[in-house]
*Asks:* 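Quick one: the structure is below, questions incoming.
Computed from a prediction, not measured in an experiment: that's the story for all the values here. Atoms within a ligand are numbered from 1 in the order they appear, just like the ligands themselves.
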Amino acid sequence: MQINAKTIENLLQETEKPSKEVIQSVLDKAAKKENLSMKEIAILLNIDSNEELEQLFEIARAIKQEIYGNRLVIFAPLYVSNYCVNSCTYCGYKRDNDFPRKRLTREEIQRETQILEKNGHKRIALEAGEDPVNCPIEYILDAIDAVYTTKTEKDAIRRINVNIAATTVENYKRLKDAEIGTYILFQETYHQPSYEATHPKSLKGDYNYHLSAFDRAMEAGIDDVGGGVLFGLGPWKFEVLAMMMHNAHLEKEYGVGFHTVSVPRLKKAEGMSLDEFPHIIDDFTFMKIVAILRLALPFVGLILSTRESEEMRQRLIHHGVSQISAGSCTDVGGYTLKEQGVELVQFETADHRDPLVILKSLVDDEIIPSYCTACYRSGRTGDRFMRLAKSGQIGNICTPNALMTLTEYILDYGDDEIQRKGFALIEKEIEKIENEKVRALTQENVQRIRKGERDLYL
Ligand code: SAM
């Protein structure tokens with residue numbers, strides 16, 4: 001895998017001031033969900049008239065609605081170790097930051113998992129700093145096992161996505177055998193000079209090794225990979241085009257590109273100041289990036305974390321985001337500490353609402369929070385998932401599954417208010433299911449769940 005910087009820079013230069021006609025033709029193509037070329041994406045990146053941007057946002061909204069309906073997948077991160085040998089200039093875990101390092105024991109992981117389950121979570125992203133001695137792959141595998149085997153009286157975590165440092169084919173095979181969901185790795189920045197400046201003298205400092213991590217993961221049989229850029233480290237237009245190049249490479253070599261793309265934005269952390277970073281982006285540019293990603297990758301899940309404020313998250317859900325985290329703690333053992341009134345962080349988060357509060361506000365906006373993990377558990381991963389998404393069948397499978405998991409959530413973790421509003425939304429959404437058989441089956445399954453059954457899915 002290589003990023004051809006010259007090609008990207010030339011494309012951005014060539015398309016610097018696109019005419020109205022050229023922009024319109026790209027927007028029309030995007031509205032039909034046709035594949036956009038790198039040049040066409042560069043044209044979108046170079047739009048700056050408000051009128052055309054409004055059109056861009058409107059198309060992103062329509063694509064989101066058509067492919068995902070009003071569903072939004074919910075997850076939470078679980079930080080297990082903050083030992084780190086790297087010196088990423090932006091990260092609170094960097095080795096030069098002097099604080100007592102922690103690695104959760106199996107019992108502590110079980111306690112954290114129970115708290116996550118008590119908040120209704122079924123899907124987590126397991127996170128750790130990079131330290132081959134204090135946090136080797138065996139530790140990560142044991143942590144995964146500890147999470148999957150922790151059962152509460154209500155349920156268990158059903159899918160663990162893993163966000164750990166780039167590693168070897170051998171280690172990816174072991175993660176695959178441990179039944180992880182998506183392997184997530186942010187490139188941080190595709191812009192090599194920015195990458196090298198922000199990852200000095202460290203294991204993670206090898207740009208090419210980091211960039212080729214998904215090739216090794218695919219070689220090991222992991223076919224759901226989640227990419228991302230930490231926006232603020234490098235020039236944003238370059239980042240978006242480079243991410244498209246990465247996706248095209250994976251599609252060409254392995255028949256499937258990113259399963260998800262995350263859009264973290266740089267936040268204040270211990271030992272750094274945002275003033276040191278020349279590529280910070282404002283809210284409007286961020287909205288534009290999310291909308292362009294939705295047009296460029298219509299079938300790829302777009303993930304937004306609690307780094308963003310409630311207001312920003314609400315806006316971006318309509319501009320293309322399909323997955324959000326809720327009630328997140330970005331500290332090792334953070335959920336247990338929060339229950340005890342203490343909060344430490346890897347970086348600052350902005351949406352501090354509890355999951356139930358977030359869910360109520362989504363239901364008020366007629367958005368269906370989804371805890372569904374069915375595709376991965378039914379083997380619909382990699383290109384099998386993409387074929388389903390592209391055939392337009394997501395609506396007939398994912399919406400019913402979202403409604404079933406929302407029913408579970410309401411019954412097991414909800415209060416009177418969400419019971420009232422949530423069941424009204426569920427009834428309304430069932431009526432909208434076009435396929436008669438699927439509608440009847442969903443109705444029947446929701447009733448079975450209300451009578452006490454759990455974990456039903458299509
Ligand atoms: N150690 C793994 C790696 O090297 O990829 C996992 C990294 S960390 C637990 C998860 C992510 O947090 C990083 O990939 C980075 O993008 C993000 N992060 C670190 N510092 C941040 C900051 N100041 N603001 C926002 N996100 C940050």
*Asks:* Side chain, backbone, both or neither: which part of N163 comes within less than 4.0 Å of ligand 1 when only heavy atoms are counted?
*Replies:*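 Contact part for N163 vs ligand 1: both backbone and side chain.
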*Asks:* Distance to the ring centre below 6.0 angstrom and angle to the axis at most 45 degrees; does that hold for R123 and Y371?
*Replies:*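 Judged by the rule, R123 and Y371 form no cation-pi pair.
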*Asks:* Please list, in number order, the atoms of ligand 1 under 4.0 Å from a heavy atom of A269.
*Replies:*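 The atoms of ligand 1 under 4.0 Å from a heavy atom of A269 are 23 (N).
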*Asks:* Side chain, backbone, both or neither: which applies to Y90 and ligand 1 if a contact is any heavy-atom pair less than 4.0 Å apart?
*Replies:* both
*Asks:* Does ligand 1 come near enough to E188 that some N or O of the ligand is less than 3.5 Å from an N or O of the residue?
*Replies:* yes
*Asks:* Is the charged tip of R111 near the ring of Y335: under 6.0 Å from the six-membered ring centre and within 45° of its axis?
*Replies:*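 So R111 doesn't make the cation-pi contact.
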*Asks:* For Y195 and H210, take the angle between the two ring planes, folded into 0 to 90°, and tell me which bin it lands in: parallel under 30, tilted 30 to 60, perpendicular over 60.
*Replies:* tilted
*Asks:* Hey, could you give me each pair passing side-chain hydrogen bond (donor to acceptor under 3.5 Å, both in side chains) that has a residue in residues 284-298? Not counting sequence neighbours.
*Replies:* D282-T285
*Asks:* For the pair R103 (side chain) and V80 (backbone), establish whether a donor and an acceptor sit closer than 3.5 Å, ignoring hydrogens and angles.
*Replies:*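 The answer is no, because no donor-acceptor pair under 3.5 Å joins these two groups.
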*Asks:* Given 3.5 Å as the limit, does a donor-acceptor pair link the side chain of S322 with the main chain of L302, or not?
*Replies:*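 Yes; at least one donor-acceptor contact below 3.5 Å.
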*Asks:* Can a non-hydrogen atom of R265 be found less than 4.0 Å from any atom of ligand 1?
*Replies:* yes
*Asks:* Just jot down the ligand 1 atoms closer than 4.0 angstrom to any heavy atom of L185, in number order.
*Replies:*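 That gives atoms 5 (O) of ligand 1.
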*Asks:* State if G232 counts as touching ligand 1 under the rule of any non-hydrogen atom under 4.0 Å.
*Replies:*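 The answer is no, since G232 has no heavy atom less than 4.0 Å from ligand 1.
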*Asks:* At under 4.0 Å between heavy atoms, is it the side chain or the backbone of A166 that contacts ligand 1, or both, or neither?
*Replies:*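 Neither part.
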*Asks:* Distance from H246 atom NE2 to M1 atom CE, nearest 0.5 Å?
*Replies:* 5.0 Å
*Asks:* What do the steps show when you test D215 against H249 for side chain to side chain donor-acceptor pair (under 3.5 Å), and what is the final call?
*Replies:* CA-CA 9 Å; D215 293 83; H249 162 81; 2.6 Å; yes
*Asks:* Could you work out, with side chain to side chain donor-acceptor pair (under 3.5 Å) as the rule, every residue matching T105, not counting sequence neighbours?
*Replies:*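 Once residues adjacent in sequence are excluded, the partners of T105 under the side chain to side chain donor-acceptor pair (under 3.5 Å) criterion are E108.
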*Asks:* Can you find an N/O atom of R307 closer than 3.5 Å to an N/O atom of ligand 1?
*Replies:*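 Yes: some nitrogen or oxygen of R307 is under 3.5 Å from one in ligand 1.
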*Asks:* Tell me which one of E127, K94, H199 gets a heavy atom nearest to atom 9 (C) of ligand 1.
*Replies:*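 Among E127, K94, H199, the closest heavy atom to atom 9 (C) of ligand 1 comes from E127.
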*Asks:* Purely on distance, is any nitrogen or oxygen of A128 under 3.5 Å from one on ligand 1?
*Replies:*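 Yes, A128 has an N/O under 3.5 Å of an N/O on ligand 1.
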*Asks:* Show which atoms of ligand 1 fall inside a sub-4.0 Å distance from at least one heavy-atom site of C91.
*Replies:* 19 (C), 20 (N)
*Asks:* Of all the atoms in ligand 1, which lie at a distance below 4.0 Å from a heavy atom belonging to K204?
*Replies:* 3 (C), 4 (O), 5 (O)
*Asks:* Between K267 and ligand 1, which residue portion shows a heavy-atom distance shorter than 4.0 Å: side chain, backbone, both, or neither?
*Replies:* both
